[in-house]
Protein chains: 4
Amino acid sequence: MIVYFRSMRIKDEAKQSAIIDATVKLVNEIGFVSSSVSKIAKEANVSPATLYIYYKNKEDLLVSTYLEIKQRLSEEILSEFNQNAPIRDSLYKFWTNAFHFISQNNSYFQYTEQFANSPYSEKVNHEDVEKSFTPIYEVLQKGIEQKIIKNVSFEILSVFMFYPIMNLSNARLCKNITADSKTIEDAFQLAWDAIKL
Amino acid sequence: MIVYFRSMRIKDEAKQSAIIDATVKLVNEIGFVSSSVSKIAKEANVSPATLYIYYKNKEDLLVSTYLEIKQRLSEEILSEFNQNAPIRDSLYKFWTNAFHFISQNNSYFQYTEQFANSPYSEKVNHEDVEKSFTPIYEVLQKGIEQKIIKNVSFEILSVFMFYPIMNLSNARLCKNITADSKTIEDAFQLAWDAIKL
Amino acid sequence: MIVYFRSMRIKDEAKQSAIIDATVKLVNEIGFVSSSVSKIAKEANVSPATLYIYYKNKEDLLVSTYLEIKQRLSEEILSEFNQNAPIRDSLYKFWTNAFHFISQNNSYFQYTEQFANSPYSEKVNHEDVEKSFTPIYEVLQKGIEQKIIKNVSFEILSVFMFYPIMNLSNARLCKNITADSKTIEDAFQLAWDAIKL
Amino acid sequence: MIVYFRSMRIKDEAKQSAIIDATVKLVNEIGFVSSSVSKIAKEANVSPATLYIYYKNKEDLLVSTYLEIKQRLSEEILSEFNQNAPIRDSLYKFWTNAFHFISQNNSYFQYTEQFANSPYSEKVNHEDVEKSFTPIYEVLQKGIEQKIIKNVSFEILSVFMFYPIMNLSNARLCKNITADSKTIEDAFQLAWDAIKL
DNA sequence: GATGAATGAGTGTTCATTCAT
DNA sequence: CATGAATGAACACTCATTCAT
């Protein structure tokens, strides 16, 4: 009797991760428009053909990369989240988490910004993505119920709570701002004043 | 002998304007990545070669288009601006002007968003662009001096004053929001609460 | 007033013809499977991109080439056709015309054979192609009416009248046959015996 | 220790046969040009690498498949062949056998037609292939000797005897013909008239 | 024997740009 | 000024084949 013990080559996770890193790096350096499959492959030190083993096509690569980053972002933002902390403290934690992730992973973040403004964005099920961020919405909801936060739509709240931080921590858009603790404090105070009752 | 009638200048301008409109339309429909020179030329009903009479190259076309839109945006935002109105009223006027321009020219606005997040953005002298918006900064400055507005950097103030509005009125990013007067009022209230002392 | 006297470059018929010749030559030498667009372009001394000025895509090129050859074949077969000649003489004329065209343009003919056996064949409106050969069908019809030719379907008649000649004159399929007058005579006698009453 | 049961040989043959079937099916459906090794492997439910265990390379696969089909065709044509039957009856038997094989195995037959018109054809030792059909040539030879069949070259005879049947029973080439017994009879009569003295 | 991973070289096609008119 | 023709280089993607297991 012949038994085959995983007798074939196995997909290399390091390779897949190298491809994603290369994608992000290139998009950050030369932009979405110029980031071709062959350039990405070269940056990742693989053959263009190899890329198609891991991803169905370019769109799949770009969308998967986007989802991967969004996933990491949500994990970072929600890390050390304490359900019982006061609402302002929870939001402040989200805020600083976001700020640090974006500052330290600016290329990742800029990738998502370029992606969100491209037509590829329509290929993403945004509801699924939003689900990763539900704890944030729950905090906001609790704040509304406790009459601490203004009773307006989530879109409006989150646009004031998180889009400013994205802007401020995006190196491409905000060149004169340094991520010092004073800036973070100041900016969060504005965000809080915006949404609090 | 060739005689140039005045009408010919008009015809030329019409052509140039057709090229810009085609650029915006295409970028809005198929995205920055897929918008090639020949497609733009076809959309504008001119030869690809003609395009190179009006613009040095593709980059020049894209940058010029960006600047043109930014110019129109600043004109719209600043229209009916009354230097002597109370600060809150001035900012509210800017706010609603911006909201209406973006809502009604979404394709133009989305062009600028794609552009700003692309490396082409680095070819623009952003200081020059900002100059068109100086009246806004002057109002903010006056507000700071009159202790009406928080004394934080302009970047922080404007990121709360205008970035939210851009998001809320951008159809691609904000699909569940309708541009009704209630939404505008609500959102402006948040913006104002954010920056006011 | 400005008048433009055909002020643009004009499509080069020599170039188009070079492309068709290159297509036929390559298909004949290395086969349908291996005849890539870039090889055809190189053979025709043009850029691959140029090919797409004259043809929508590869399929269009291959189909057009097929139709072009079929057109020439029909013209050759029908040349010097005398409506009033006896039926056998007319068919003999068609026969020898076909034999000579195929013998002298073997690469052209082999192209059509490869094409007809490929899936590209389904892109052709074969009824239109057949129309070029209607005089042949009319002769056969007249022969049937005059009780000279067997009253069977045209498909059967033409398959005996013309497919054998194609085979005999196709160098790839028939290597031991020489196109001497004896062979032509012999073969035509068989064809005639097949269809005559 | 590896022990080879007899059943394993059978399994292998099944695999080899699956590969050939997949090759024929694909070539028939999408054509020679588009039939890649990996598509064939997928269709046969094996790895592309497996294919290279059974065949040296793609050419070997295609040629072997051709020879296999030719072998089956010759067996079918010669089945129930009675050496002592009258010459016309023998040929009629060949004829109907061929007709039925081609009709019922159209994909197999069309494979050979595409193959014969491709440059791969040159890799085949056609004399060897012809040997499978020697009984046919012997019958024709006997007919010539008995002054029943015209004394012309075998090429000419067989081109009238078999090429028409191939065309009539090839679905791709002959769409308006149905394989009814009347058609077979009619067509055979023409073939016979062609070659008989 | 059998596999899926891996790849350099190729595919058909479009690109931004320039040319001749 | 304006054009369609023309192109080398690049595009996204697939190829036939080999590799390590």
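Sequence lines set the chain letters: A, B, ... in the order given, protein chains first and strands last, and positions in each chain run from 1.
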**Prompt:** Looking at D:Y54, does any N or O in its side chain come under 4.0 Å of the phosphate oxygens OP1/OP2 on E:dA2?
**Reply:** yes
**Item:** Results of side chain to side chain contact (heavy atoms under 4.5 Å, CB included) for B:A49 - residues two or more places apart only
**Value:** B:S47
**Message:** How many whole angstroms separate atom CG of C:L61 from atom C1' of E:dT13?
**Reply:** 13 Å
**Prompt:** A:Q114 and B:N117: side-chain donor and acceptor closer than 3.5 Å?
**Reply:** no
**Message:** Can you tell me which nucleotide in E:dT3, E:dT13, F:dT17 comes closest to the side chain of D:N57?
**Reply:** F:dT17
**Request:** Would you write the dot-bracket representation of DNA chain F, where each base gets (, ), [, ], | or . depending on whether it forms a Watson-Crick or G-U pair under 3.5 Å and with which partner?
**Result:** .||||||||||||||||||||
**Prompt:** Considering residues at least two apart in sequence or located in another chain, which fulfil the side chain to side chain contact (heavy atoms under 4.5 Å, CB included) criterion with D:S17?
**Reply:** D:D21
**Request:** Indicate the ring-plane relationship of D:F115 and D:Y66, choosing parallel, tilted or perpendicular according to the 30° and 60° boundaries.
**Result:** parallel
**Item:** A:E59: salt bridge (Lys or Arg N to Asp or Glu O under 4.0 Å) partners, not counting sequence neighbours
**Value:** none
Enumerate all atom pairs, one protein N or O and one N or O from nucleotides 8-10 of chain F, separated by less than 3.5 Å.
from: F:dG8; atom 1: N7; to: C:S47; atom 2: OG; distance (Å): 3.0

**Item:** salt bridge (Lys or Arg N to Asp or Glu O under 4.0 Å) against C:K25, all qualifying residues, sequence neighbours excluded
**Value:** C:E29, C:E43
**Prompt:** How long is the line joining CG of A:D60 and P of F:dA12, in whole Å?
**Reply:** 15 Å
**Message:** So, OP1 or OP2 of F:dA5: does either fall under 4.0 Å of a side-chain N or O from C:K15?
**Reply:** no
**Request:** Between B:N45 and A:K56, name the one whose nearest nucleotide on DNA chain F is closer to the 5' end.
**Result:** B:N45
**Complete:** From NZ of B:K42 across to P of E:dA16 the rounded distance in Å is 13 Å
**Request:** Spell out, as yes or no, whether a donor-acceptor pair under 3.5 Å connects the side chain of A:K123 to the backbone of A:V63.
**Result:** no
**Complete:** Here the distance between atom P of F:dA12 and atom OH of A:Y120, to the nearest Å, is 8 Å
**Message:** Checking the side chain of A:N105 only, and the main-chain atoms of A:Y108 only, is there a donor and an acceptor separated by less than 3.5 Å?
**Reply:** no
**Message:** On DNA chain F, does the nearest nucleotide to A:K58 precede the nearest nucleotide to B:I53 from the 5' side, or the other way round? Give the residue.
**Reply:** B:I53
**Complete:** Among F:dT7, F:dA2, E:dA16, the one nearest any side-chain atom of B:V37 is E:dA16
**Request:** Take the protein atom CD1 of C:I19 and the nucleotide atom C1' of F:dT7, then report the distance between them rounded to whole Å.
**Result:** 13 Å
